[in-house]
Amino acid sequence: KHREITPAVLREVVEELNEATQPAADEDIKPPAGKKQFAVVVSDPNGVLKVDLTGWVVQLPESASPHSVVDRVMKAAHHFNATKKGRLIPVKSVGEAFESIGRKFFVENELWVKTKLPVYLVRTDNKLTEAPSV
């Protein structure tokens with residue numbers, strides 16, 4: 001009304017805009033990707049692991065010892081528990097630490113958490129057999 005456009009011209013403009021925003025018929029419309037999950041594959045050629053296990057996937061500097069992961073998680077948890085939020089709702093286990101503590105506390109200890117929730121550890125004897133038939 002402010003531009004004094006006639007209804008016929010307005011209708012044509014709206015139709016052209018609708019046509020421009022519609023995907024072309026020849027374009028491939030991909031379905032949304034399904035959700036994915038993490039799993040850790042553990043080599044167990046001697047059959048030592050007899051039970052199904054879960055765990056968390058983390059990343060640490062190449063020069064650091066993998067045995068220091070638990071210490072790094074504990075340090076991050078202690079720093080978190082010293083904060084105002086940590087005093088209100090302190091974490092009491094490693095699992096709670098991974099789920100509740102923010103990224104900042106882990107990065108300060110050079111630890112990057114890839115999965116906040118535990119993932120399955122899949123055992124393998126580390127041998128390849130014939131390909132299964134599909």
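As a basis for the values below, the full set of heavy atoms in this structure was taken, side chains included, without hydrogen atoms, waters or symmetry mates. From a predicted model like this one, the values you see are computed outputs, not experimental measurements.
- Residue pairs meeting the side-chain hydrogen bond (donor to acceptor under 3.5 Å, both in side chains) criterion with at least one partner in residues 100-112, sequence neighbours excluded, are absent.
- Both Ile101 and Leu60 belong to a common hydrophobic cluster when Ile, Leu, Val, Met, Phe, Trp and Tyr are linked at side-chain heavy-atom distances under 4.5 angstrom.
- In this structure, NZ on Lys84 lies 12.0 Å from CD1 on Ile89, to the nearest 0.5 angstrom.
- No more than 12 heavy atoms of other residues, nucleotides or ligands shown are found within 6.0 angstrom of CG on Leu128.
- Of all heavy-atom pairs spanning Glu99 and Pro118, the tightest one is OE2-CD, 4.4 Å.
- With values rounded to the nearest 0.5 angstrom, Arg72 atom CZ is found 8.5 Å from Ser65 atom OG.
- There is no path of hydrophobic side-chain contacts, each under 4.5 Å, that joins Val48 to Val51.
- Note: Leu49 CG to Thr124 OG1 = 11.5 Å, rounded to the nearest 0.5 Å.
- Screening residues 53-93 for ring pair (Phe, Tyr, Trp, His ring centres under 6.0 Å), with sequence neighbours left out, gives Trp56-Phe98, Phe80-Phe105.
- Separating the CE atom in Met74 from the CG atom in Asn81 is a distance of 12.5 Å, to the nearest 0.5 Å.
- For the atom pair CG (Leu121) and OG1 (Thr54), the distance works out to 7.5 Å, reported to the nearest 0.5 Å.
- For the residue pair Val91 and Ala77, the shortest heavy atom distance occurs at CG2-CB, 3.8 Å.
- When atom types are taken as modelled, the side chain of Ser68 and the backbone of Asp71 share no donor-acceptor pair closer than 3.5 angstrom.
- Residues passing the side chain to side chain donor-acceptor pair (under 3.5 Å) test with Asp52 are Arg123, sequence neighbours excluded.
- When the shell of 6.0 Å around NZ of Lys116 is examined, it contains more than 12 heavy atoms from other residues, nucleotides or ligands.
- With hydrophobic clusters built from ILVMFWY side chains whose heavy atoms lie under 4.5 angstrom apart, Val113 shares a cluster with Val69.
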